[in-house]
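Before any comments, here is the structure.
Residue numbers begin at 1 in each chain, while the letters A, B, ... track the order of the sequences. Not measured: the values here are computed from a predicted model.
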Amino acid sequence: MSELPEQGQRVGTLETDNSKTVEGVLPEGWEMVIGLEVHVELATTTKLFCGCANNFGDEPNTNICPTCLGLPGSLPVPNKQAIEFAMTLGRALNCTVLPSIFARKNYFYPDMPKDFQTTQFEEPTNAEGFVQLPNGRSVGIERAHIEEDTGKSTHLGGGGRIHDATATLVDYNRAGVPLVEIVSHPVMHDAETARAYVAELRDILLATGVSDARMEEGSMRVDANVSVRPIGNDELRTRCEVKNINSLRSLGRAINYEARRHVDLWTNGEEPKQETRHWDEDGGRSTSGRSKEDADDYRYFACPDLPPLTPTAEDIAAIDAALPALPAARRSALAAAAGVEIADTTLTVERGLDMLVIGAIQAGADATVAMKHADQNLSDGQGQLTLESFAALVVMEVDGLLSSTQVKTVLGELVANGGAPGDIASSMGFEAMDTTELASLLDGIIATSPDEWARFLEGDRKVQGHFVGQIMKATQGKADGKVVNQLMTQRANQG
Amino acid sequence: MSGAQELAASIRSGVQSAVAVADASFGAINERDDEIHAFLHLTKQRAQIQAQAVDDAVANGNDPGPLAGVPIAIKDNMCTRGEPTTCSSKILEGWRPPYDATVIGRLEAAGAVIVGKTNLDEFAMGSSTENSAFGPTRNPHDTTRVPGGSSGGSAAAVAADFVPLSLGSDTGGSIRQPAALCGVVGVKPTYGAVSRYGLIAFASSLDQIGPFAQNVTDAALCFDVISGHDPMDATSIPNPLTPTLPTVNDGVAGMRIGLVDELMGEGIDDDVIARTNQAAEALTAAGATVERVSIPATIYGLAAYYLIAPAEASSNLARFDGVRYGQRVEGQNVAAMNVATRSAGFGDEVKRRIMLGTYALSSGYYDAYYGKAQRVRTLIANEFATAYESFDLLLSPTSPSTAFEIGAKSDPMALYMCDVCTIPSNLAGHPAMSVPFGVGDDGLPVGVQILAPMLEEARMFKAAKALEDAAKGMS
């Protein structure tokens with residue numbers, strides 16, 4: 001331990017005060033306590049302990065070998081890429097990477113070939129980190145450990161679950177796929193924060209490239225541990241673990257349902273049973289699964305087939321050096337460059353437009369205008385739009401060379417096909433209107449709208465739209481509204 | 001049949017054909033194995049193909065390898081592609097692995113001819129080869145007696161001269177003790193020296209594959225072939241190993257050898273102690289200095305072993321659930337099928353150890369049992385390390401007694417005591433071997449054990465050869 005370098009916090013700070021209640025979800029005086037366990041499949045080329053391909057969707061039982069089938073005599077050998085991905089994820093979650101030990105979690109299940117899962121128990125690879133959410137709050141992470149996935153069972157007959165099935169088919173392609181289980185502290189108190197946390201995790205996974213993080217394909221699986229307590233109390237009451245949550249929407253619904261169920265039980269003088277529950281998205285409710293009252297004794301012990309993982313200071317430094325910019329840092333950078341609040345940068349960063357905007361600002365573009373385009377006009381990403389052309393377009397817009405309608409049109413063309421904004425504007429005939437021409441047009445409209453002009457002179461700015469509208473109509477939108485405003489002010493000052 | 005080294009030499013030089021040697025081996029097995037029951041399964045077709053390939057290589061002027069045409073028997077807990085591999089358990093009856101253990105590939109690459117799979121105590125749990133679902137193996141020196149275990153079939157196959165070499169596995173003495181009882185050489189290498197890939201695990205942190213041979217030189221030759229790094233086994237030692245065969249005749253002059261006090265008293269038969277003292281004298285006569293040394297923690301070895309080994313076994317044997325391979329007994333649901341399959345498929349001793357191990361790992365008992373046993377293990381390793389600061393090798397009896405009567409030890413504890421001298425090396429991960437050294441009062445073979453520090457097999461074989469030479473002079 002002492003030989004490990006100082007692994008400083010890379011980003012932001014840890015705040016633990018996430019206390020907040022959502023009105024309308026729980027009765028007055030109650031709060032939820034939510035901790036999430038997120039399983040993430042690592043996007044490695046091969047499985048965690050053998051050379052079989054790690055491919056989703058292949059023909060069942062084609063990516064298998066003695067090791068991932070748990071055949072007698074087979075042995076596991078750790079996959080270097082999986083270990084590196086797990087450490088990368090740990091560092092991206094602001095965790096400390098520690099020497100770690102693989103352990104066996106012993107229980108019988110037909111899709112688990114060895115009837116034990118190789119995981120990490122007392123000594124996980126990544127410990128104590130946090131995720132910073134766009135709203136500035138942080139969610140503490142207890143650990144992010146490496147483990148192997150199980151096979152996939154398909155239960156035939158009955159309700160599609162093991163206890164009433166007539167037969168079960170098992171696909172072992174998934175057995176041995178590397179997972180990282182990210183365990184949060186129970187520090188979230190509303191479904192919205194839980195959703196924001198999972199969304200942020202997904203963005204981090206995509207940014208680091210360690211997982212494709214698809215909830216619907218199961219490469220990112222969220223289990224929610226939910227309990228409730230009276231506000232002002234810091235006890236942890238009996239929790240239920242809700243599984244089978246397949247989308248962010250389900251996550252919010254499942255948490256709210258479960259918390260409400262607990263409050264109802266406590267209010268009726270009953271106590272929730274500690275158990276695993278199954279979220280039924282169609283029915284909008286959770287149903288009882290495996291009881292944890294006679295909790296399984298998993299008889300964890302260090303796996304004798306796998307030596308401890310002992311990353312060196314150099315290994316960790318190399319992981320840190322290769323980390324890409326992460327969402328939280330990108331939001332901070334954008335907020336600083338554009339002079340806006342961090343909360344206002346979320347959309348732009350999610351769309352991956354932050355570098356474009358920051359670059360354009362540095363190249364002389366107006367920050368507000370650049371951010372406006374990123375928010376409103378680039379919802380499908382930047383396409384063929386380059387930093388230079390984006391900056392040039394914003395400058396043209398601010399200089400009044402193009403109307404806002406024209407800017408949108410040119411921007412659309414730049415995204416679709418690229419090019420230089422000046423050339424595109426010319427080819428579309430978007431020459432800026434001559435100011436003298438606009439001035440004479442304005443004079444004509446003033447002449448035909450004396451009442452409106454009088455109100456404008458009296459300070460009624462609402463009639464401004466009348467004049468701008470008339471000019472736009474006359475010029476078929478080619479006029480720049482801002483220039484018209486300037487001309488009107490000039491005219492008024494002239495008396 | 002001559003020794004492995006001479007056989008390989010005569011086959012490589014075309015004096016004998018590998019096919020003829022394999023036939024002779026099968027002939028000897030055919031003649032006497034009904035009585036001994038060393039083999040569970042003969043791999044005649046595979047042997048035929050391999051022997052022919054060796055002969056073809058010789059005919060074409062190619063080198064078939066250092067074990068050219070040498071017949072070898074394999075303990076039936078090592079996977080052989082397409083051939084039955086049962087661990088002497090009903091639960092694996094009928095299973096044919098789709099792959100070869102690493103040692104199998106290395107042996108065949110060196111020209112060895114695998115003739116069959118040998119009997120063992122079910123899942124290597126036992127010291128007499130009586131706990132086999134397919135019946136006991138008998139000691140070739142006296143067929144009313146056990147051959148020792150758990151690798152009794154492999155020991156008996158060499159002792160009966162069916163084959164010059166065989167492989168066993170040693171978790172707590174399962175190579176050395178049967179070697180002693182059958183009067184052959186048996187080697188438990190350094191943990192990690194020989195790949196475990198394809199060895200069906202009993203206790204993964206203790207299991208190690210090693211050779212049986214009729215003489216020390218053949219054991220060294222076989223060890224050199226099967227040892228070395230294997231990327232398929234994460235516990236395999238990555239560094240290249242020193243070959244042992246070139247120095248096997250170098251003698252013990254100047255070596256400091258410690259005779260382990262704790263293994264020379266209570267619980268060890270007088271005739272065995274007498275032979276071990278004679279072995280110490282023989283080493284002294286050969287130029288070594290022998291002194292007594294105390295390694296107090298060895299007396300806790302047995303207790304620690306019977307927590308650690310069953311604990312690992314309880315996890316390793318979970319996979320025999322009837323879902324994917326081997327026997328299945330149907331039940332109303334998956335859990336009932338698991339229970340019915342395991343109840344019918346495992347023998348009593350296996351069930352006993354699964355229960356012991358499950359208990360030792362249980363929440364609330366882990367620290368008192370498994371945790372404490374691991375601390376004893378560390379203590380034993382530390383005491384060995386201290387002893388090896390003053391000594392090059394250690395010496396002790398291999399087994400407390402010579403071969404006992406079949407059925408004589410019905411109490412499990414009495415059988416567990418058979419491994420008292422051998423277990424400490426497994427716990428420490430060090431190499432150790434048994435060498436025949438005369439006979440006991442009953443005229444049956446006695447083995448003495450040579451223990452060495454980590455990866456000092458070459459040194460161990462030198463002392464073993466010196467004892468072998470001295471024993472020849474005695475008789």
Note to self: Taking the six-membered ring of B/F346 as reference, does the cationic atom of B/K351 (NZ for Lys, CZ for Arg) lie under 6.0 Å from its centre and within 45° of its axis?
What the structure shows: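 No, a cation-pi geometry is absent between B/K351 and B/F346.
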Next item on the list: Give me the contact list for residues 55-75 of chain A versus chain B, heavy atoms only, anything under 4.5 Å, ordered by residue number.
Entry: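 Residues A/P66, A/T67, A/L69, A/G70, A/L71, A/P72, A/G73, A/S74, A/L75 are the ones that qualify, each having a heavy atom under 4.5 Å from chain B.
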For chain A, which candidate among [options] shows the most heavy-atom pairs at distances under 4.5 Å?
| options | answer |
| --- | --- |
| B/G198, B/A360, B/A203, B/G322 | B/G198 |
| B/S362, B/A311, B/A101 | B/S362 |
| B/L317, B/D233, B/N338 | B/D233 |
| B/M337, B/R196, B/M78 | B/R196 |

Next item on the list: Keeping to residues at least two apart or across chains, list the salt bridge (charged side-chain N to carboxylate O under 4.0 Å, His left out) pairs with something in residues 170-180 of chain A.
Entry: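 Passing the test, one end in residues 170-180 of chain A: A/D149-A/R174.
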Relative to chain A, which segment of [X] carries a heavy atom at a distance below 4.5 Å: side chain, backbone, both, or neither?
| X | value |
| --- | --- |
| B/N77 | neither |
| B/Y365 | neither |
| B/Y191 | side chain |
| B/Y197 | both |

Can you find a side-chain donor-acceptor pair between [X] and [Y] that sits under 3.5 Å?
| X | Y | result |
| --- | --- | --- |
| A/N225 | A/E37 | yes |
| B/H430 | B/S425 | no |
| A/E148 | A/T118 | yes |
| A/T125 | A/Q120 | yes |
| B/K75 | B/S154 | no |
| A/D280 | A/T287 | no |

At a heavy-atom separation under 4.5 Å, does [X] approach chain B through its side chain, its backbone, both, or neither?
| X | result |
| --- | --- |
| A/D305 | both |
| A/Y107 | neither |
| A/P76 | backbone |

Margin query: Suppose a student defines contact as a heavy atom less than 4.5 Å from any heavy atom of chain A. Which residues in residues 85-100 of chain B would they list?
Written below: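 Interface residues of residues 85-100 of chain B: B/L92, B/W95, B/P98, B/Y99.
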Notebook entry, point to check: Parallel, tilted or perpendicular: which fits the ring planes of B/Y325 and B/F320, with parallel below 30° and perpendicular above 60°?
Noted result: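 Perpendicular.
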Checklist line | Atom CD of A/E235 with >12 non-hydrogen neighbours under 6.0 angstrom | finding: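 Check passes, neighbour count above 12.
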Check: Under 4.0 Å between a Lys/Arg side-chain N and an Asp/Glu carboxylate O for A/D223 and A/K243?
Finding: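 A/K243 and A/D223: salt-bridged.
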Note to self: Quick test of your reading of the model: are A/E271 and A/R237 salt-bridged, counting only N-O distances below 4.0 Å?
What the structure shows: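 No salt bridge links A/E271 with A/R237.
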Notebook entry, point to check: Could you walk me through whether A/H145 and A/T119 pass the side-chain contact (heavy atoms from CB on, under 4.5 Å) check?
Noted result: CA-CA 7 Å; A/H145 65 258; A/T119 178; 3.5 Å; yes
Next item on the list: For B/S205, enumerate each residue passing the side chain to side chain donor-acceptor pair (under 3.5 Å) test, keeping only those at least two apart in sequence or located in another chain.
Entry: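 B/S205 satisfies side chain to side chain donor-acceptor pair (under 3.5 Å) with B/E312, B/R377 once adjacent residues are dropped.
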Next item on the list: Please name the pair of heavy atoms, one in A/V77 and one in B/A234, separated by the smallest distance, quoted to 0.1 Å.
Entry: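 Closest heavy-atom pair between A/V77 and B/A234: CG2-N, 4.1 Å.
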